[in-house]
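Here is how names work: the chains are called A, B, and so on, in the same order as the sequence lines, proteins then strands, and each is numbered from 1.
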Amino acid sequence: MPNLSKHYTSGTVEKKWYDTWEEHKIFESRPDDREPYSIVIPPPNVTGVLHMGHMLNNSIQDILIRKARLDGKNACWVPGTDHASIATEAKVVNWLREQGIKKGDLSRDKFMEYAWEWTDKYGGIILKQLKKLGASCDWSRTAFTMDEVRSGQVIQAFVDLYQKDKLYRGLRMVNWDPEAQTVLSNEEVIHSEENSLLYHVRYPVEGTDEHLIIATTRPETILADTGVAIHPDDERYHHLKNMKVRIPIADRIVPVISDDYVEMEFGTGALKITPAHDVNDYEIGQRHELEVIDIFEDDATINDLGLHYKGLDRFEARKKIVKELEEKGFLVKTEDYSNSVGRSERTGAVVEPKLSLQWYVDMKSLAAPALDAVMTDEVRFFPSNMKNTYKHWMSNIRDWCISRQLWWGHRIPAWYYEDQIFVATTAEEALEQAQKAFPDQNLTASDLRQDEDVLDTWFSSWLWPFSVFDGMDGGDEVDYYYPTATLVTGWDIIFLWVARMVMAGYEWKGEKPFQQVYFTGMVRDKQRRKMSKSLGNSPDALELIEKFGADGVRFGLLSSSPAGGDLLFEEKLCEQGRNFCNKMWNGLRLIKGWTISSSTNSTSDKETIIREIALTWFEDKLKEQEDLIQKDFDEYRLSEAVMKLYNFIWNDFFSWLLEVVKPPYGDAIDQASYDRIIQIYENLMKLLHPFMPFVTEEIYQQLRLRKEGDFIATSSWPEGGECDTSMFDTMESIKALVTQIRDLRNKHQLKQKEPLDLYFAKSESTTNLLRQSGMKEILIKMAALGKVEQTTEAPKDLHASIVQGRIKAYLMLPGVDVEEERQKLEEELDYARGFVKKIESKLANERFVQNAPEAIVAKERKKLEDGKGRVAMLEESLEQLL
RNA sequence: GGGAGAUUAGCUCAGUUGGUUCAGAGCACCUGCCUUACAAGCAGGGGGUCACUGGUUCGAGUCCAGUAUCUCCCA
């Protein structure tokens, strides 16, 4: 036996093959005559580390790209990272703070130097980790959203949209993240129900003794109130129309206005209006020309307008103001309340509505072709029900706020002079424009002021499917690879990313960015909680790989993860994958341990006959599997495909076929059979390779002597083709008989190897079964039988009856209990009679016979015949017991 | 408030155009085995009124309506 260790060692094998693959550059792709199959990676955060979601997502991409490679397509998986403005800037700011440096003390240029230093230091770690997972990316194409090529296209996109009038600067209420101190797009705000308090506050009505009671969750904004609203139809407050109220604490006198936005049923039916700090209030304020008083600094502490609360954080101020309201008799009551609170996706800070001047993309002008593409399946979604979500968002689309008050990112290419805006790819061009606009003023570069803000990171990511090919302006690469084949991503970024890529694709390439989108589910823990750092419920990705091997982890992630469905992760799944590797490894050891004889003399004829029939059967089974797996790929049922392979390899190949063809101890195996077994094993490994690349490569290399540069990774997918199913039923009957015999042994506590005699009750079925060359021998070998013969009457000695389909047999068992045997037979008979009755009534129904397709009726007749035969066999056995 | 989806074995999920002995898989569980590839293993076994109620149909896990429970998205 070759020197193969008892257990499969994933660590060394995986490193060896990844290094070898890279040395041979087999993942690199250049345009050629073949059909392209390209995937662009959803770029992870440049300074991020690999987590469970990445592993799932990238395993799926790797499966697809490896399959395409085996299919002979020109497979190109482009890796890369994104600069993640908010997250990365926050990390850099923290890093600087640890060194005692404040961002505020740095110039923009100096800060960027530090940020690049940080990026160079920690950037790309995640890409190295992807290699450990087996990701077969073309690393020579690694892109970064802020590298030169990508940046140029981002700026170009901005300028182009501005020139097409699809981009504008506007004063709007925005979502302000006070922690990151930047504006956020609507999609970056996560709304959820949170427990809070509803405060009922008394507002004195001017010139009367009355009070108007107003319910609010944000009493600190009382300081910014500039009005109070009631519903025009609300009779309770009719008399207050056109009167004024006095704001508590602020002591400001403001008007009572009527507006049908007010919900009469909510709270007291009266609403305080704070135009500076609430989206709806702002609109009401606009309608009624109310003053706008902003009481917050950018970090959400109270400013000069907040009286003696100046300098306090908003939540601190809330506590204090409630106390003051209470002391001064303004607070009527406080009740528990649950309301929707928006938080920043990146920092978790409660988002503060704020009035601000920002850049927006006019989305309505981009949405139409993008909506159409998905609804007509020009871009196919898996699972398809994501189309509904997409449609809803696209049909109610709102403009996209793309400016961010950060330094890390692409600086907005807009320059200002007085009240004029000049948008251009460079400062020089902007200056030229300005000089043309103000010919008399001798403008120089220093007269123009560039916008301080950067662009939303997604404004670079939405170009990704063509920007990675430097394809904004066309070119051979983009012509060849675009549109890409499949996008694999989580459904949580369908709006942030997927929808926008489709829009950008049509806007700049006039074509969809990808053929299909495969949405993965979220990786959750057993309690269905989303895996997150803060919960600490996420296993360390690299430790997992170390423990179970990348193949094991990939198997674990894939085996229960249908498209769009969440994955409830447990280590057990990876363990199963590792065990599977070990099983295959040991199967290899078994085969490699056999001695091969060139002459047939050294193997008994019986074994040769067995092998001939078993291998022929299995080769056809394999073809059938190949077709089934291909269908699963076509429909993106990857979980099902991998589980099919798991079952087929473990149960059909190892537990059945190899046991059948295994030479008896000490015997050799004939060369012809051996070659067929190697070929089968090789094909199985090819089918499994996309899912478990390393172990399959290792086994592929061990199965035969390979030439330098011959890899399973670049081999070809086995063709399914015609398969002869004629032997399938017979083999299943044999298997079922073997199982029944083994069960009877177990129940009678007989050793598995003690030979038992078996007599078949003579019938057409049994004659047919035994006539097929080798079937009887397989039965004898697998069930460890002695004599196997046909008989016309039941044996007189103690035996157990076996009824399998239309086959009846008697297994000679010395210790069989007659009563037990009777009971068993009676139970089976009951079931069989019930079955017959059901079919009889079905066939007695004229409408069934008339309406059902002929084939179905024929099948039912066949079922009835079989069932009746079975009843007869069981009845006969029972009689013989007496 | 608007919308989407789910409910099948103890758990996680398949079940494709309504039709085969259709009620499945993996894990978990139980029994027996260290059998010369594998205890990371082998052989076998038990377990479900397909959420509930009606309807369409010759026939429903599958289609329709309602009910209950749960999940998610959007505002």
Side-chain angles (χ1 to χ4, degrees), chain A residues 1 4 6-8 186-187 190-191 263 279 340 342 383 385-393 395-396 398 491-492 494-495 521-522 524 526 528 548 552 559-562 564-570 572-573 575-594 631-632 635 637 639-640 642-644 646-647 650-651 654-655 658-659 662 665-666 738-747 749-753 782-784 805 831-832 834-836 838-839 841-853 855-860 862-863 866-867 870:
Chain A
M1 178 185 297
L4 299 177
K6 192 169 169 180
H7 285 159
Y8 175 69
N186 293 317
E187 288 70 30
I190 311 295
H191 294 273
E263 277 177 60
V279 179
S340 176
N385 59 16
M386 293 306 294
K387 281 164 77 173
N388 295 328
T389 311
Y390 180 88
K391 181 182 177 186
H392 187 257
W393 187 78
S395 316
N396 298 283
R398 295 185 298 172
W491 48 256
D492 54 333
I494 181 170
F495 309 133
M522 299 294 110
R524 298 176 188 275
K526 263 196 103 173
R528 285 193 182 274
F548 301 109
S559 61
S560 75
S561 174
D566 286 350
L567 166 66
L568 272 59
F569 182 80
E570 7 169 16
K572 188 99 204 155
L573 294 167
E575 192 184 327
Q576 200 185 341
R578 180 201 60 179
N579 294 353
F580 187 32
C581 292
N582 194 51
K583 182 72 188 178
M584 292 185 285
W585 176 250
N586 276 291
L588 175 74
R589 287 178 68 213
L590 172 69
I591 294 169
K592 297 302 278 186
W594 290 334
K631 281 194 186 109
D632 283 338
E635 294 296 317
R637 291 188 301 242
S639 287
E640 287 197 33
V642 76
M643 285 314 289
K644 266 195 196 97
Y646 176 84
N647 285 318
W650 200 310
N651 300 327
F654 288 123
S655 295
L658 281 196
E659 292 300 332
K662 193 169 168 179
Y665 186 63
V738 168
T739 299
Q740 286 208 39
I741 294 165
R742 285 171 174 171
D743 186 28
L744 284 165
R745 278 182 203 276
N746 265 352
K747 288 203 168 111
Q749 297 175 326
L750 292 171
K751 287 240 157 78
Q752 289 296 342
K753 286 195 166 166
M782 297 307 280
Y831 179 83
F835 175 70
V836 166
K838 200 177 152 193
I839 313 264
S841 68
K842 208 173 187 178
L843 284 167
N845 186 338
E846 276 179 37
R847 282 185 298 179
F848 170 69
V849 182
Q850 278 166 12
N851 296 329
I856 299 291
V857 178
K859 270 177 194 166
E860 290 298 318
K862 173 84 164 47
K863 272 159 69 179
D866 287 354
R870 189 175 167 80

Check: Whom does B:G41 pair with, Watson-Crick or G-U wobble, provided both distances fall under 3.5 Å?
Finding: B:C33

Notebook entry, point to check: Which part of the nucleic acid, if any, lies within contact of A:Gln576, taking any heavy atom under 4.0 Å across all strands shown: a base, the sugar-phosphate backbone alone, or nothing?
Noted result: sugar-phosphate

Note to self: I want to check one thing: is the phosphate of B:U71, taken as OP1 and OP2, less than 4.0 Å away from some side-chain N or O of A:Arg524?
What the structure shows: no

Margin query: Tell me the interatomic distance from A:Met643, atom CE, to B:G24, atom P, rounded to whole angstroms.
Written below: 17 Å

Check: Looking at B:A75, B:C38, B:C27, which one has an atom nearest to any side-chain atom of A:Tyr646?
Finding: B:C27

Check: Counting any heavy atom closer than 4.0 Å, what does A:Leu568 reach on the DNA or RNA strands: base, sugar-phosphate only, or nothing?
Finding: sugar-phosphate

Check: Which part of the nucleic acid, if any, lies within contact of A:Arg528, taking any heavy atom under 4.0 Å across all strands shown: a base, the sugar-phosphate backbone alone, or nothing?
Finding: sugar-phosphate

Margin query: With a 4.0 Å cutoff (strictly under), does any side-chain N or O of A:Thr389 reach OP1 or OP2 of B:C73?
Written below: no

Notebook entry, point to check: Can you tell me if A:Arg528 uses its side chain to pair, donor with acceptor, with the backbone of A:Asp566 under 3.5 Å?
Noted result: no

Item checked: Atom pair distance, as rounded to whole Å: NZ in A:Lys662 and P in B:C38 -> 9 Å

Notebook entry, point to check: Considering only B:C38, B:C73, B:G19, which nucleotide approaches the side chain of A:Phe495 most closely?
Noted result: B:C73

Margin query: What's A:His392 touching, base or sugar-phosphate or nothing? Going by heavy atoms closer than 4.0 Å.
Written below: sugar-phosphate

Notebook entry, point to check: Where the side chain of A:Asn651 is defined as all heavy atoms beyond and including C-beta, which of B:A40, B:G26, B:A75 is the nearest nucleotide?
Noted result: B:G26

Checklist line | Atom-to-atom span, NZ of A:Lys572 to C1' of B:C29 - whole angstrom | finding: 12 Å

Next item on the list: Scan every strand shown for a Watson-Crick or G-U wobble partner of B:U20, both distances under 3.5 Å, and answer none if you come up empty.
Entry: none

Notebook entry, point to check: Which part of the nucleic acid, if any, lies within reach of A:Asp743 when heavy atoms closer than 4.0 Å are counted: base, sugar-phosphate only, or nothing?
Noted result: sugar-phosphate

Margin query: Any base atoms under 4.0 Å from A:Arg742, or only sugar-phosphate, or nothing? Heavy atoms, all strands.
Written below: sugar-phosphate

Margin query: Could you check whether the side chain of A:Arg847 and the base of B:U57 have a donor-acceptor pair of N or O atoms closer than 3.5 Å, going by distance alone?
Written below: no

Notebook entry, point to check: When all nucleic acid strands are considered with a 4.0 Å heavy-atom cut-off, which category describes A:Thr739: base, sugar-phosphate, or nothing?
Noted result: sugar-phosphate

Margin query: Just the rounded figure in Å: distance from C1' of B:C74 to CH2 of A:Trp491.
Written below: 13 Å

Item checked: A:Trp585 CH2 - B:C38 C1' separation (whole Å) -> 12 Å

Checklist line | RNA chain B: 5'-proximal contact among A:Trp393 and A:Leu658 (nearest heavy atom) | finding: A:Leu658

Check: With respect to the side chain of A:Trp650, which nucleotide from B:G45, B:C73, B:G41 is positioned closest?
Finding: B:G41

